[in-house]
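Here's the structure we're looking at; comments come further down.
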Amino acid sequence: MQNKTLAKSLILGFSLLVSFSLLGFFIFKGLKTFSDKDRVVTVKGLAEMNIMATSATIVIDFANSGDDLQQIMKQTEQKKEAIIAYLTSIGFSKTDIKISNIGVNDQEKYHELRWEDGRQVSVKIDRYTITQQLTIETKDIKDTGNKIAQINLDLISKDLTSNIQPIYSFPELNSIKPQLIAESTKNARIAGEQFANDSQAKLGKIKTASQGQITIVGKYYFDEEETNNTLNEPYMQKARVVSTIVFFLE
């Protein structure tokens, strides 16, 4: 009888020992897992992409002003025809030249008061101003700047002075967004792995990730990183994004 009681006591004691051991093990694992989850590293990944314009538009603006509306309209028409004749003479087709509607600004007065030498004086102004715009879309994107410089010089020499500037069209940001995000994530992981190696740890899964707004650095000119004069290219832009990623460390 005593042997049976002793045996039961031993079995119960052994069972309790095993139970407490398992409980301690699982508590340890749980605490370790909880502790591991607190071990994270936050890194940023930068991605940049050069974007070339898909088309270029040459914009030619000119204006005439005066008091006789009919006379100004006639002068504007003559200047427009003269500019178009010049453009066709250098190879542009008339179908390539888009003509906007004329704009008329009526001051509704011929004089205005201005301060001169500490007193107000009445100054003669032109009542009417007529503006006109011509646009030419070109696929010869890289040479657009040179063309504009030549057109401007020629128009000045013909007494057809105008305001000439280029407008470049670039791809939609959504078309390059996936590639930028993938590149920034890749660069963030590289930075995270370097940190993990330095900490004698292993980089784990992503805990959280946030993508910064894609920004356009703007037209290329000389910047702080490069000095190559090929960067003086207004038909090029640089898209940039920075992703912030938090990785678990194991």
Side-chain angles (χ1 to χ4, degrees), residues 51-173 175 216-222 229 231-238:
I51 310 172
M52 182 172 177
T54 53
S55 67
T57 301
I58 299 173
V59 181
I60 303 174
D61 291 298
F62 57 91
N64 289 304
S65 62
D67 296 331
D68 187 333
L69 182 59
Q70 296 303 318
Q71 180 64 23
I72 304 170
M73 292 185 68
K74 182 179 179 181
Q75 291 173 351
T76 302
E77 181 67 18
Q78 290 173 343
K79 188 169 185 177
K80 180 191 73 176
E81 293 300 328
I83 293 176
I84 291 175
Y86 160 74
L87 292 173
T88 55
S89 72
I90 61 172
F92 291 107
S93 169
K94 278 192 175 183
T95 57
D96 295 331
I97 304 171
K98 309 300 181 190
I99 305 170
S100 67
N101 294 328
I102 61 172
V104 180
N105 181 34
D106 183 0
Q107 300 273 29
E108 299 183 354
K109 57 185 178 181
Y110 300 95
H111 297 81
E112 70 178 13
L113 294 176
R114 296 180 184 175
W115 285 94
E116 292 185 5
D117 298 327
R119 62 190 182 91
Q120 278 190 328
V121 296
S122 179
V123 179
K124 174 69 178 68
I125 61 172
D126 291 335
R127 175 170 176 175
Y128 302 102
T129 300
I130 293 182
T131 57
Q132 181 80 72
Q133 184 181 88
L134 306 177
T135 57
I136 313 163
E137 186 171 334
T138 174
K139 294 295 184 182
D140 194 2
I141 298 168
K142 292 185 178 180
D143 198 43
T144 299
N146 293 330
K147 284 185 177 179
I148 286 178
Q150 187 60 53
I151 291 172
N152 186 49
L153 182 62
D154 290 345
L155 291 182
I156 291 175
S157 68
K158 296 176 181 294
D159 197 25
L160 298 170
T161 302
S162 307
N163 179 33
I164 310 173
Q165 61 180 341
I167 295 178
Y168 296 97
S169 298
F170 293 87
E172 292 290 332
L173 287 181
S175 66
I216 300 297
V217 177
K219 296 178 180 178
Y220 268 143
Y221 291 99
F222 294 98
N229 60 11
L231 291 180
N232 190 9
E233 300 168 341
Y235 52 83
M236 295 294 293
Q237 288 188 341
K238 182 185 289 184

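Of all heavy-atom pairs between D140 and T144, the closest is O-OG1, 3.0 Å. Summarising the geometry of W115 relative to Q120, their closest heavy-atom pair is CE2-CG, 3.5 Å, with the distance given to 0.1 Å. Heavy-atom minimum distance, A85 versus T88: O-OG1, 2.8 Å. Among all heavy-atom pairs drawn from L87 and I136, the shortest one is CD1-CD1, 3.6 Å. Here the closest non-hydrogen pair linking A53 and Y168 is CB-CB, 3.9 Å.
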Query raised in the report: Yes or no on side chain to side chain donor-acceptor pair (under 3.5 Å) for Q133 and D61, after CA distance, side-chain angles and deciding distance?
Result: CA-CA 5 Å; Q133 184 181 88; D61 291 298; 2.9 Å; yes

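Remark: N101 CG is loosely packed, at most 12 non-hydrogen atoms of other residues, nucleotides or ligands lying under 6.0 Å away. Within a 6.0 Å radius of CD in E81, other residues, nucleotides and ligands contribute more than 12 heavy atoms.
Q150 and D154 form a side-chain donor-acceptor contact under 3.5 Å, judged by distance and modelled atom types alone.
Note on E112 versus R114: salt bridge recorded, some NZ/NE/NH1/NH2 to OD/OE distance being below 4.0 Å.
Annotation: side chain of T129 is not in contact with side chain of D106 (no heavy-atom distance under 4.5 Å).
Under the side chain to side chain contact (heavy atoms under 4.5 Å, CB included) test applied with Y235, the options I51, I141, T54 reduce to a single match, I141.
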